[in-house]
Number of protein chains: 2
Amino acid sequence: MTARTTSETARDIPEATVARLPVYLRALTTLVEAGTQTCSSEDLAAAAGVNSAKLRKDLSYLGSYGTRGVGYDVDYLRYQIAREIGVTQDWPVVIVGIGNLGHALANYSGFRSRGFRVVALLDADPERHDEVVAGVDVRAFDDLEQIVADQGVAIGVIATPALAAQAVADRMVACGITSILNFAPAVLSVPDGVDVRKVDLSIELQILAYHEQRKAQSA
Amino acid sequence: MTARTTSETARDIPEATVARLPVYLRALTTLVEAGTQTCSSEDLAAAAGVNSAKLRKDLSYLGSYGTRGVGYDVDYLRYQIAREIGVTQDWPVVIVGIGNLGHALANYSGFRSRGFRVVALLDADPERHDEVVAGVDVRAFDDLEQIVADQGVAIGVIATPALAAQAVADRMVACGITSILNFAPAVLSVPDGVDVRKVDLSIELQILAYHEQRKAQSA
DNA sequence: AAGAGTTTGTGAACGCGAGAACAAAACGAG
DNA sequence: CTCGTTTTGTTCTCGCGTTCACAAACTCTT
């Protein structure tokens, strides 16, 4: 339930901050690779593209991991953020819909390197069941339940056409998936307790087009 | 310049509203295809997945296109939103970086159907210059300037690895592109007047992972 | 023509997030 | 040990976005 038991780790982090933590994590990884050991909030904020006051406030929700007058230990902070987000553990993920986008997602190396493991690729089209994409063979959508149960999958990715998306989501929810990343251009309705995040490529372009048009008008 | 001349169409629409207009547009298109002629704010809000008061306020920024006691004319409203966003005209777009994701983007039918025309696919790797993707042949990145000038391109899409992204962005800006959609996991710095929107697949998954972890902890 | 029933458009209250500014804490020099 | 310097963690204020609630406006029935 939503009963929050105010346990040790129960400070709840604002949604806006949660959305930025992965950005900080990536910036810190870059710093580690560059051999940096310590950085100030100013440095990290610049690398992440945000205001330094905002960065410090964000980090303060996690705890006091910096040292006044010195800054942050890059490695230590990186671990703390990774732990807070949950990417120190491995998350099994299923991808449904192996069209162009599904292919790209399956091959995306950024998932694996950040704690996500694609354990299954599913498609309703039997013609695709022969394929092997990124070392994982494409299986029938009907195998969903078994795979989710066997591998303990909690996160599903929908890369199907819009018309199929809701049905796929329903089936995912029914077999226990509680987080969905939706690439289909459709509004999904899911029960409480299930998180849905939507990525819509054409919406992003349309937002750009709006501003572009404004620029052209005022010129 | 940013000098706003308060012309006839100069009410500026809040950013949050702009981001939702494409969602409304899509919902309206669905309604049109279903043969609906009129809809209430309640109907449309449900189709778009938002609160009906928010929808009405959003629409009110565009003008008074509804009829009290009746609702909105679906076709008329759709046109008005499309015009406001700017998707009644055709936007030429270049995509740089034809890897997995670039392929998927080039093939994505949602662009074409929403007023975006992919006029060029560019890649730095000469081995890819033979390919033809989605009816457009892959060309050298060095052709960027000429293509942008010839076709009047204002919008660029970056689908390169992170390391190349900033250089590509700089070059885009230099030749006159003023809107960038960035899929590379990197923070871009661009001059004022250039809009950048970022889509980061692994960040979305990490946000889901955070919430997923919270659910697991409280259980 | 008048009243009942709908539905839009908007004024007002509220809550969240962003950023400025500052106090608290650590370090180093003398 | 003390003072000055640096940088964090936090408080405060402001503005934006969301939502409620209601008046204005339109239709339909009687």
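Since this is a predicted model, take the numbers as computed values, not measurements. A note on names: the letters A, B, ... follow the listed sequences, proteins ahead of strands, and every chain is numbered from 1.
- Between B/S64 and the phosphate of C/dG9, there is a side-chain N or O to OP1/OP2 separation shorter than 4.0 Å.
- Of all nucleotides listed (C/dG9, D/dC12, D/dG9), D/dG9 comes nearest to the side chain of A/R56.
- Across C/dG17, C/dT10, D/dT7, the shortest atom-to-atom separation from the side chain of A/S40 is found for D/dT7.
- A sub-4.0 Å separation between OP1 or OP2 of D/dT8 and a side-chain N or O of A/T67 is absent.
- Between B/Y72 atom OH and C/dT6 atom C1' there is a gap of 13 Å when expressed in whole angstrom units.
- Interatomic distance, A/I155 CD1 to A/T178 OG1, rounded to the nearest 0.5 Å: 8.0 Å.
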What's the verdict on side-chain hydrogen bond (donor to acceptor under 3.5 Å, both in side chains) for B/D58 and B/Y24, showing C-alpha distance, side-chain angles and the deciding distance?
CA-CA 10 Å; B/D58 283 343; B/Y24 303 154; 2.6 Å; yes
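- Following rounding to the nearest Å, B/D73 (CG) and C/dT7 (P) show an atom-to-atom distance of 16 Å.
- As a whole-Å value, the separation of B/L55 CG from C/dT8 P is 8 Å.
- Look at CG on A/L59: it is 9 Å from P on D/dT8, rounded to the nearest Å.
- Considering CG of A/L77 and CG of A/L28, their distance stands at 5.0 Å, rounded to 0.5 Å.
- Between B/D58 atom CG and C/dT10 atom C1' there is a gap of 13 Å when expressed in whole angstrom units.
- Residue B/Y65 contributes atom OH, which lies 17 Å from atom P of D/dC26 at whole-angstrom precision.
- For a distance-only test at 3.5 Å, the side chain of B/R68 qualifies as a donor-acceptor partner of the base of C/dT8.
- For A/E15, taking side-chain heavy atoms from C-beta onward, the closest of the listed nucleotides C/dA18, D/dG17, C/dG17 is C/dG17.
- The residue among A/A16 and A/V70 whose nearest nucleotide of DNA chain C is located toward the 5' end is A/A16.
- Proximity note for A/K54 (side chain, C-beta onward) versus C/dA18, D/dT19, C/dT7: the nearest is C/dA18.
- As a whole-Å value, the separation of A/N51 CG from D/dT7 P is 16 Å.
- Taking the ring axis of A/F141 as reference, the NZ or CZ atom of A/R171 stays within 45° of it and closer than 6.0 Å to the ring centre.
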Would B/R26 and A/S202 count as a side-chain hydrogen bond (donor to acceptor under 3.5 Å, both in side chains) if you check the C-alpha gap in whole Å, the side-chain angles of each, and the deciding distance to 0.1 Å?
CA-CA 10 Å; B/R26 173 166 290 150; A/S202 80; 3.0 Å; yes
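- Between the base of D/dG9 and the side chain of A/K57 there is no donor-acceptor pair shorter than 3.5 Å.
- A/I13 has its CD1 atom 16 Å from the C1' atom of D/dG9, to the nearest Å.
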